[in-house]
Amino acid sequence: MDEMTKKQLKKTATMIRKGIITAVASAGSGHPGGSLSLADILTYLYFKEMNVDPQNPKDPDRDRFVLSKGHCSPGLYSTLAHRGFFPVEDLKGFRQADSYLEGHPNMEMVPGVDMSTGSLGQGISAAVGMALAGKLDKKNYRVYAALGDGELEEGQVWEAAMAAVHYKLDNLTAFVDYNGLQIDGNISDVMNPEPIADKFAAFGWNVISINAHDFDEIEKAVEAAKACKDKPTVIVAHSVKGKGVSYMENQAQWHGSAPKKEQAEQALKELDEYLSGLENN
Amino acid sequence: MSEKIATRVAYGQALAEIGHDENIVVLDADLSGSTKTSEFKKKYPERHFNIGIAEANMMAIAAGLASCGKTVFASTFAMFAAGRAFDQVRNSIGYPHLNVKIGATHAGITVGEDGASHQAIEDIALMRSIPGMTVVSPADAVSTNALVKQAAKMVGPVYLRFGRMDVPVIYSADTKFELGKGITIKDGKDVAIVANGFMVSQAIQAAEMLAKEGISARVIDIHTIKPIDAEIIIKAAKETGAIVTCEEHNVIGGLGSAVAEVLVKNFPVPVEMVGIEDVFGKSGKPADLIEKYGLTPDNIVEKARKVLNRK
């Protein structure tokens, strides 16, 4: 990836992170940690890879994205807003009664959301259904899904993993946002889903492990997934929960709590500083 | 009423008949021989997917397919469709109002020998409490055929309930059916028997028995429990003044409850309910279980007498 593109993606990801903080702080609740850890992947998909059109969000030929870890809606909403699906200003209404930005993604209310999710484990199955439809209709669209590492504790994920391989869904790429933390603590302490890459490999998936915050690695993995035939690809993305906000990084407590006003201001300041660092380089 | 066909068999046949529509996709969870989606598979194998013994996965896969414009029929036993996969049906199908038809077979105690673990008596209560879900429990093969075809044409989630046991064909082939519209099978002025599923044929027998006692019983088939035909129920209450509901389901949350909800809000009259009296089923021959749990014409007659005394 050329440096200009990479710099632009980094800027966009930072704007998306600012939107996450704004949304969650306005709501006084929500899930910043896993939204921030997924932000670079969302940025790459929506600003570099996916065939989507904010003017025609239901285009039958579009690429699909399913946020199986639906609680990270601030990440998805901020990405969609910055991509032009709805006004960035609307992020301030997140989780509020007069807003369409539900706590968890709602495909009927939010332009650009391809599947309603929130109950963990179900989104990946829905993504399997979309990929199956793509095969049936002989369409070239691709289906992307993002899973949490804690979400892998849901048995349904493995039912879906079996089905995706059984039906040779090479048009499906799943990301595991491997930040190592879930709401009650370390995934290895709560209910260890590891070894994650080995488990998917045993189910027959093409497995690629990357640094979730390195756009070159994300691009290489996505391209490799597109080139892989007859089986689905999982990109095990090693990430930092709360990435980009110093006091949130690697802290389980920021899985599902919102920053107070001063904390949000500090977070936005840090992100702005990172942004001006990028500008001045 | 001599011919007997299980509604699951009629379901499979209906799917095979409408399968030329290339938009239809059928999913099953390792029970296609029992749910009869195998009939569709014989003709359209490329659009029949076995998801294996993974009902939760099947329901959310159905949602994904439907989000891409498919009309999806997802089938398994009622116990697993409504019970095991409730969350998936609720969140992935119901909440986004996706176009999935849940073909739930082997409902109720007439499953027979498999016993209580496989006898869903709660499914209608569960499904009708999901906002926007249409819930259908046909009485015979003829109505099943028509209602499955209508469900395929409408856009939105539908729960279709079928039985394992062969049941009498009560409708002539030219009967008109409409989702959400009850059918007055027999007119009557003293009491109205409101039934669905195989209990409709039991209700018809009960009405004949009551006639011999000089009691004129109306028989109404409420094949669509949701949205319910309030008009036909209110009219029956006004004209007969007493209602007996009959269902192969727990008396809590099913047809009896749905009818009572209509009546208390509009025109309260005495109601008696025939159904499973809040207990689990058990193994046995369907005929023995029908006796054991009181899903009989005799019991309907008794309840009719009781409700008449309360008028």
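Labels below follow one simple rule: chain letters A, B, ... track the order of the sequence lines, proteins then strands, and each chain is numbered from 1. Remember, predicted model here, so these are calculated numbers, not experimental data. Heavy atoms only: backbone and side chains are in, while hydrogens, waters and symmetry mates are out.
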Proximal component of A:E154, with respect to chain B [non-hydrogen, under 4.5 Å]: neither

Would you say that more than 12 heavy atoms from the other residues, nucleotides or ligands in this model lie under 6.0 Å from the CE of A:M191, or not? no

Contact summary for A:Q156 and B:A56, nearest pair of heavy atoms: NE2-O, 3.4 Å

Given 3.5 Å as the limit, does a donor-acceptor pair link the side chain of B:N91 with the main chain of A:S119, or not? no

Work out which heavy atom in A:Q122 is nearest to a heavy atom in B:Q88; give both atom names and the distance. OE1-CA, 3.4 Å

Please say whether more than 12 non-hydrogen atoms of neighbouring residues, nucleotides or ligands are located less than 6.0 Å from CG in A:N56. yes

Show, in sequence, the C-alpha distance, side-chain angles and deciding distance for B:N50 and A:Y167, and conclude whether the side chain to side chain contact (heavy atoms under 4.5 Å, CB included) test is met. CA-CA 10 Å; B:N50 206 325; A:Y167 287 111; 4.2 Å; yes

Out of A:M162, A:M107, A:E159, A:K58, return the one with the most heavy atom pairs under 4.5 angstrom to chain B. A:E159

Less than 4.5 Å to any heavy atom of chain B: does that hold for the side chain of A:L132, its backbone, both, or neither? both

In this structure, are over 12 heavy atoms from other groups packed under 6.0 Å from B:E22 atom CD? no

Around atom NZ of B:K153, are there more than 12 heavy atoms from other residues, nucleotides or ligands closer than 6.0 Å? no

Within 6.0 angstrom of A:E108 CD, more than 12 heavy atoms from elsewhere: yes

Take a 6.0 Å sphere around NZ of A:K199 and say whether it holds more than 12 heavy atoms from other residues, nucleotides or ligands. yes

CG (B:L98) and CE (A:M115) are apart, to the nearest 0.5 Å, by 5.5 Å

Here the pair of heavy atoms bringing A:S125 nearest to B:N57 is OG-OD1, 2.5 Å

Pairs of heavy atoms under 4.5 Å with chain A: top-ranked of B:S67, B:A60, B:A66: B:A60

From the list B:M58, B:H97, B:R47, the residue making the most non-hydrogen contacts under 4.5 Å with chain A is B:H97

If you count the non-hydrogen atoms of other residues, nucleotides and ligands that lie under 6.0 Å from CZ in B:R84, is the total more than 12? no

Heavy-atom distances under 4.5 Å only: say whether A:A160 touches chain B with side chain, backbone, both or neither. both

Side chains of A:D137 and B:K70, heavy atoms from C-beta outward: is any pair under 4.5 Å? yes

Side chain, backbone, both or neither: which part of B:E46 has a non-hydrogen atom closer than 4.5 Å to chain A? backbone

Under 4.5 Å between any side-chain heavy atoms of A:R64 and B:C68, yes or no? yes

Bottom line for B:V72: the part with an atom under 4.5 Å from chain A's heavy atoms is neither

